[in-house]
Amino acid sequence: MKIATFNINGINRRLDNLLAWLKAAEPDVVCLQELKARHEQFPAAAIEAAGYGAVWVGEPRWNGVAILARDAEPIVTATSLPGDPADRHSRYIEAAVGGVLIASLYAPNGNPRPGPKYDYKLAWTERLISRAAELEAMKVPVVLAGDFNIVPEPRDIYPTRSYDENALVQPESRALYQRLLDQGWADALRKKHPRETIYTFWDYMRQRWERDAGLRLDHLLLSKQVARRLVSADVDRDVRGMPGASDHAPAWVTVRSRE
DNA sequence: ATGGCTATCGCGGATAGA
């Protein structure tokens, strides 16, 4: 079973890129972020024609997340992150596919910092930690996949000082990510590549892709019940170099079928 | 400190992203 996450940065603007990658990579489950489309603007027909069932939550201009399943219909278990009914952002969806509970999440960026956006980032990620604790306690296979908007360690960003004040790299942000790992979740990309440099995002500006000036922001966290079935994990970097690409590349894991 | 790119919405320029 291959499970992927991809911050698509506008699903309609980038539908051709997405369909080409689906055909080439053949993932069984895809978590998408930054749809940038209202619910009714989601290209459901094209996704279905590609062989995928889909569930999603949209929003007029920003955010928006989805879960796709090859030859299957995801069974929705949540369409928002619990903990704040006043939070209207479409940043979280959760569904069961093939015996695995999948969460597709798009954490707030948090810039500029300090300020209300940074406060929202920290509060949202605290809510994610609470939801993750509930899911972990179920002792079932779970994958938390998406754009966490946190660079876990200094080696997960290219050598630069320009991000020193950025919300993505702050000790507070990193401590939140560490608390998720401390619950028992496995960072699949890091687990499979303990010493490599891994990036999933390259800014459009200043030739950051051409210079490989990237950041690791997109993560797949596996509950113990999935981690012990982990076979491989990687980033489809080539996708970032395609014409009209998203500024993120897809990341994915493969796991053995249930023992 | 700013600008640098790209997106939506909608037709100019504001706002967000990271």
Side-chain angles (χ1 to χ4, degrees), chain A residues 5-19 21 31-43 56-66 87-92 104-125 128 145-174 176-177 189 197-219 235 237 239-251:
Chain A
T5 182
F6 189 7
N7 181 322
I8 193 68
N9 187 21
I11 190 168
N12 288 304
R13 171 71 180 82
R14 244 169 282 290
L15 185 57
D16 290 346
N17 300 61
L18 174 62
L19 295 175
W21 170 73
C31 297
L32 296 175
Q33 300 86 33
E34 284 206 85
L35 303 179
K36 294 187 175 179
R38 299 171 197 270
H39 185 85
E40 62 274 18
Q41 291 174 324
F42 185 87
W56 68 95
V57 287
E59 194 179 320
R61 284 184 166 205
W62 299 296
N63 309 320
V65 288
D87 181 5
R88 310 310 300 167
H89 290 197
S90 295
R91 295 181 178 275
Y92 188 87
S104 176
L105 64 98
Y106 175 49
N109 169 294
N111 288 301
R113 183 195 67 88
K117 294 196 174 184
Y118 188 61
D119 296 341
Y120 174 58
K121 174 194 188 71
L122 299 180
W124 193 95
T125 307
L128 177 64
D147 180 354
F148 288 65
N149 265 320
I150 297 173
V151 175
E153 298 179 78
R155 61 176 170 154
D156 294 314
I157 179 170
Y158 69 101
T160 180
R161 297 294 309 277
S162 65
Y163 278 81
D164 285 359
E165 298 306 315
N166 196 292
L168 306 178
V169 304
Q170 294 310 305
E172 282 175 302
S173 303
R174 286 178 170 158
L176 291 169
Y177 189 76
L189 287 166
T197 298
I198 311 166
Y199 301 143
T200 65
F201 164 86
W202 297 259
D203 201 301
Y204 288 122
M205 295 181 280
R206 300 199 162 182
Q207 299 191 295
R208 296 265 169 78
W209 166 247
E210 289 80 358
R211 294 163 39 215
D212 194 25
L215 289 72
R216 188 165 80 97
L217 300 178
D218 303 270
H219 311 303
V235 177
R237 285 175 55 106
V239 172
R240 179 61 182 83
M242 301 298 283
S246 168
D247 42 6
H248 294 251

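By convention in this document, chain letters (A, B, ...) are assigned in the order of the sequence lines, proteins followed by strands, and residues within each chain are numbered from 1.
With B/dC9, B/dG3, B/dA18 as the choices, the nucleotide that has an atom nearest any side-chain atom of A/N109 turns out to be B/dA18.
Taking atom CG of residue A/D203 and atom C1' of nucleotide B/dA7, one finds them 13 Å apart after rounding to whole Å. Rounded to an integer number of Å, the gap from A/M205 CE to B/dA18 C1' is 7 Å. Remark: P of B/dA7 and NE2 of A/H248 are 13 Å apart, rounded to the nearest angstrom. The nearest whole Å value for the distance from the OH atom in A/Y118 to the P atom in B/dA18 is 16 Å. Between the P atom of B/dA16 and the CG atom of A/L168 lies a distance of 16 Å, rounded to the nearest Å. Distance NE2 (A/H89) to P (B/dG17): 8 Å, rounded to an integer number of Å. A straight line from OH of A/Y163 to C1' of B/dA18 spans 5 Å, rounded to a whole angstrom. Per the geometry, CD belonging to A/E40 stands 15 Å off P belonging to B/dT8, to the nearest Å.
Regarding contacts with the backbone of B/dA7, a side-chain N or O of A/R13 is found under 4.0 angstrom from either OP1 or OP2. Between A/Y120 and B/dA16 there is no side-chain polar atom (N or O) within less than 4.0 angstrom of OP1 or OP2. Note on A/N111: every side-chain N or O is 4.0 Å or more away from OP1 and OP2 of B/dA18. The side chain of A/R61 places no N or O atom within less than 4.0 Å of a non-bridging phosphate oxygen (OP1 or OP2) of B/dA14. The phosphate of B/dC9 (OP1 or OP2) has a side-chain N or O of A/Q41 nearer than 4.0 angstrom. Between A/N9 and B/dA16, a side-chain N or O to OP1/OP2 separation shorter than 4.0 Å is absent. Note on A/K117: every side-chain N or O is 4.0 Å or more away from OP1 and OP2 of B/dA18.
Between A/R38 and A/A107, the residue anchored nearer the 5' end of DNA chain B, judged by the nucleotide with its closest heavy atom, is A/R38. Two residues, A/R206 and A/Y106, neighbour DNA chain B, and the one matched to the more 5' nucleotide by heavy-atom proximity is A/R206.
Nucleic acid contact for A/R208: none, since no nucleic acid atom lies under 4.0 Å from a heavy atom of the residue. Residue contacts for A/N149: at a heavy-atom cut-off of 4.0 Å it reaches the sugar-phosphate backbone alone, with no base atom in range. Residue A/R91 is in sugar-phosphate contact alone, with no base atom involved, counting any heavy-atom pair closer than 4.0 Å across all strands shown. Nucleic acid contact class of A/N12 (heavy atoms, under 4.0 Å, all strands): none. Nucleic acid contact class of A/N63 (heavy atoms, under 4.0 Å, all strands): none.
Rounded to whole Å, the separation between the C1' atoms of B/dT15 and B/dG10 comes to 14 Å. Only the P atoms considered, B/dC11 is 23 Å distant from B/dT6, to the nearest whole Å. Nucleotides B/dA1 and B/dG12 have their P atoms positioned 34 Å apart, rounded to a whole Å. Rounded to whole Å, the P atom of B/dC9 lies 26 Å from the corresponding atom of B/dG3. Rounded to whole Å, the separation between the C1' atoms of B/dG17 and B/dG4 comes to 13 Å.
Every residue meeting the ring-ring contact (aromatic ring centres under 6.0 Å, His included) condition with A/F42, not counting sequence neighbours, appears here in chain and number order: A/W56. Scanning for ring-ring contact (aromatic ring centres under 6.0 Å, His included) contacts around A/Y92 gives an empty result, with sequence neighbours left out.
In the displayed structure, A/R211 atom CZ is contacted under 6.0 Å by more than 12 heavy atoms of other residues, nucleotides or ligands.
When every heavy atom of A/I8 is checked against every heavy atom of A/R14, the shortest pair comes out as O-NE, 2.9 Å. Across A/A249 and A/W202, no two heavy atoms sit closer than the pair CB-CZ3, 3.7 Å. Counting all heavy atoms, side chain and backbone alike, A/H248 lies closest to A/D147 at CE1-OD2, 3.2 Å. Of all the heavy atoms in A/A245 and A/R240, the pair that sits closest is CB-O, 3.3 Å.
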